[in-house]
Amino acid sequence: MGASERYAQEENRGARAAGSNRTWVKIRQNYELYLFLLPAVAIYLVFKYYPMYGVQIAFKDFRASKGIWGSEWVGFEHFIRFFEAYNFWPIMENTILLSVYSLVFSFPIPIIVALMLNQMMAKRYKKFVQTVIYAPHFISTVVLVGMLGVFLSPNSGIVNHIITFFGGEPVLFMADEGWFRPLYILSGIWQETGFATIIYLAALAGVNPELHEAAVMDGASKWKRIRHVDIPGILPTIIILLVLAMGNVMSVGFEKAYLMQSDLNYAVSNIIPTYVYELGIQKAQYSFSAAIGLFNAVINVVLLVTVNKVAKKLTETSLW
Amino acid sequence: MNTLLSRKTKGDILFDVLNYSSLTIGMLLILYPLYFVLIASFSDPNLIYSGAVWLFPKGFTLDGYERIFADRQIWIGYGNSLLYAIVGTAISVTVTLMAAYPLARKDLAGRNAVMWFFVFTMFFSGGLIPTYLLVKDLNMINTIWALVVPGAGSVFNIIIVRTFFQSTIPDEMREAAFIDGCSNTRFFLMMVLPLSKPIIAVMVLYHAVGFWNGFFDAMIYLNEESKYPLQLVLRNILVQNQVNSSMMIDVESYAAKLRVTELIKYGVIIIASLPLLILYPFLQRYFVKGVMIGSIKG
């Protein structure tokens, strides 16, 4: 315990005895700290909390001329309209499938790659491999989707050149809705696998080397050491990240899906965030799209809270 | 002990061979698309089209780059992106550092309440539409402020910086400084910030890359082409296939236009990623550091 903590505790005890006067003294002493907080607090009040007040338009018939407060209440009308819409289930399905498939396919790969990298004894080569595989993380989504476009182009793309070289027929990847999810997931794996290994490599570096030494003494092979030393060693990290990822299942990123979206794959690429954008920003149906957004936000909160409870039980560590 | 760990059975040798070869193949699969974009940007578009380019540039040409350099919109975008990245990063990093320091102080009355005030927004938000309407009401549409102010000081970054302050600035140091009559502000500016260069570097890079690569805010809040950042200009070229006609004046046939368009696409990918590619070796170290600090808590 640091001196200041002891000091603070004593002060707390004192404060309780002397009423709240002491707290005021402390606040006055540290008034500058509150001024430091001011810009962030102001930004949050305006741009985070005020929109929470504004989200009531989901229950109203919002008219810009009447303002948020002056517009008429309509209750759950917009929500019901969305639930009963012909595209409600397709949108839900698209959102959940895209997210769940991404999770299932992308989650294990960085773990495997990290375990493999951890076994590399040639330090320089390992560093080189890491440098290369982290690189795609820094590419923008626009460039990534642009690369998909040029690589997968039916006439000039290199992928179709390879396919035809081996005697196949060119595939219209970007125009085929069946390819939307695989491309979304594969490009995600290409871009993020390397960077996602960092956190597992950090966890692996924390595995006690004596365990490895003891295992070698007992004649354990590298494979066995991975299974019985490394994997148990990073299991808590794996669980936390898995739980976190599960809590975020309903918050799929907007950017890539939107950029990959076209009339040809709309049936599978129309997910909640792109739909909210389309209705709200492009078609100015503010109340209806705010309702869809709010519906999504509520699911997110429920998921996160549930998942955090599970994490607490499993690992005794939680996010808060 | 290293010799002990390097003792190998036959199975281990096989393991190593498989391990090194599969990692090498994986690395090449990740590298190749980037490499291909680079060589294609210097190649004759007709040869790209026929599939002759795959390992080295063929029919070396700077035609694509010449067309790109002649296009004003791309350079306007470049300048805008630079401006947004610099201003946005400056605002965001300042706000983050200033908010993180008090929260790292155990003697701050109401610290938990303030922390909750920030953290709550991670779980619930009003969403896109109410935020958009607010920005519109504030007359920030079509200004740089719509891009750089609303997102300044994210909770996640505040937590990372706070963790850094807590683990690197000893309480004893502050107590000693205060006994000497140092104020909070002076202490923050003269002691805390100089000791926090690594985390400041991480924050600057996080934000600069984020602003450079982002397009969503610009897409919804900006409506004049002269204000578009590079990513929006790129989107028109790469995703929507809208190459500025001024780049194509001398190209006659439709087929040739298609091919030149492809060449321009490869070129703009390189040009857009160039700043990051140059910074990347430095970036990498700091980003890795950021992930590590972030993983301790949060």
Side-chain angles (χ1 to χ4, degrees), chain A residues 2-5 8 23 26-27 30 32-33 36-37 39-40 43-44 47-48 50-52 54-55 116 119 129 131-136 138-140 142-143 145-147 149-150 156 158 161 190 198-199 202 212-213 216 221-223 254-255 259 276 280-281 286 289-290 293-294 297 301 304, chain B residues 1 4-5 7 9 11-12 15 19 23 27 30-31 33 36 48-49 51 95 98-99 101-102 106-109 114 121 123-131 133-134 150 152-153 171-172 175 184-185 209 213 215-216 220 231 234-235 238-239 262 265 269 272-273 276 280 284 288 291-292 295:
Chain A
S4 74
E5 248 174 291
T23 319
K26 235 165 63 177
I27 290 177
N30 285 331
E32 293 149 288
L33 298 182
F36 287 0
L37 282 166
I43 288 173
Y44 272 68
F47 293 103
K48 301 276 196 294
Y50 184 79
M52 290 184 205
V55 84
M116 289 167 74
Q119 289 296 331
V129 173
T131 305
V132 171
I133 66 177
Y134 296 165
F138 300 97
I139 289 175
S140 75
V142 174
V143 167
V145 176
M147 282 171 72
V150 289
S156 62
I158 181 147
H161 282 313
W190 178 78
I198 295 174
I199 199 156
H212 275 289
E213 283 152 15
V216 174
S221 67
K222 282 195 167 191
W223 172 239
F254 167 89
E255 295 198 353
L259 288 170
V276 170
I281 309 288
Y286 298 126
S289 54
L294 179 61
V301 179
L304 262 175
Chain B
M1 276 300 150
L4 181 64
L5 280 180
R7 189 194 288 169
T9 64
D12 286 349
F15 177 93
N19 193 24
L23 278 173
M27 177 190 73
I30 287 179
L31 186 61
F36 183 82
I48 304 173
Y49 202 82
V95 171
M98 283 174 68
Y101 179 65
K106 294 187 189 87
D107 61 333
L108 183 84
V114 180
T121 62
F123 299 106
F124 189 76
S125 78
L128 173 67
I129 304 303
T131 313
L133 291 175
L134 169 69
D171 288 334
E172 288 76 11
E175 279 151 20
N184 274 311
T185 309
V209 172
N213 281 342
F215 82 98
F216 181 63
I220 61 174
Q231 299 296 332
L234 284 180
R235 182 183 72 126
L238 289 174
V239 182
E262 293 290 296
K265 284 183 179 181
I269 290 175
S273 313
L276 296 185
Y280 174 59
Q284 185 206 341
V288 170
V291 174
M292 302 279 202
S295 68

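Side-chain atoms of B:Tyr280 come within 3.5 Å of backbone atoms of A:Thr131 as a donor-acceptor pair (strictly under, hydrogens ignored). Checking side-chain atoms of A:Tyr44 against main-chain N and O of B:Gly153 turns up a donor-acceptor pair under 3.5 Å.
For the set B:Val95, B:Thr121, B:Leu276, the entry with the most heavy-atom pairs within less than 4.5 Å of chain A is B:Thr121. The candidate from B:Asn184, B:Leu108, B:Ile220, B:Val239 with the greatest count of non-hydrogen atom pairs under 4.5 Å with chain A is B:Asn184. In terms of heavy-atom pairs under 4.5 angstrom with chain A, the leader among B:Leu234, B:Val114, B:Leu238, B:Leu134 is B:Leu134.
Closest non-hydrogen pair, A:Val301 versus B:Phe123, comes out as CG2-O, 3.1 Å. Closest approach of A:Met52 to B:Gly126, counting heavy atoms only: CG-N, 3.9 Å. Closest of all the heavy-atom pairs between A:Val143 and B:Ala272 is CG2-CB, 4.4 Å. Of all heavy-atom pairs spanning A:Thr23 and B:Ala109, the tightest one is CG2-CB, 4.1 Å. The two residues A:Phe36 and B:Thr185 have their closest heavy-atom pair at CZ-CA, 3.8 Å. Between A:Pro51 and B:Pro130 the shortest heavy-atom distance is O-CB, 3.4 Å.
Residues B:Leu128 and A:Ile281 meet the side-chain proximity criterion, which asks for heavy atoms closer than 4.5 Å. A heavy-atom distance below 4.5 Å is found between the side chains of B:Pro33 and A:Trp190.
Proximity to chain A (any heavy atom under 4.5 Å) is shown, for B:Ile30, by both the backbone and the side chain.
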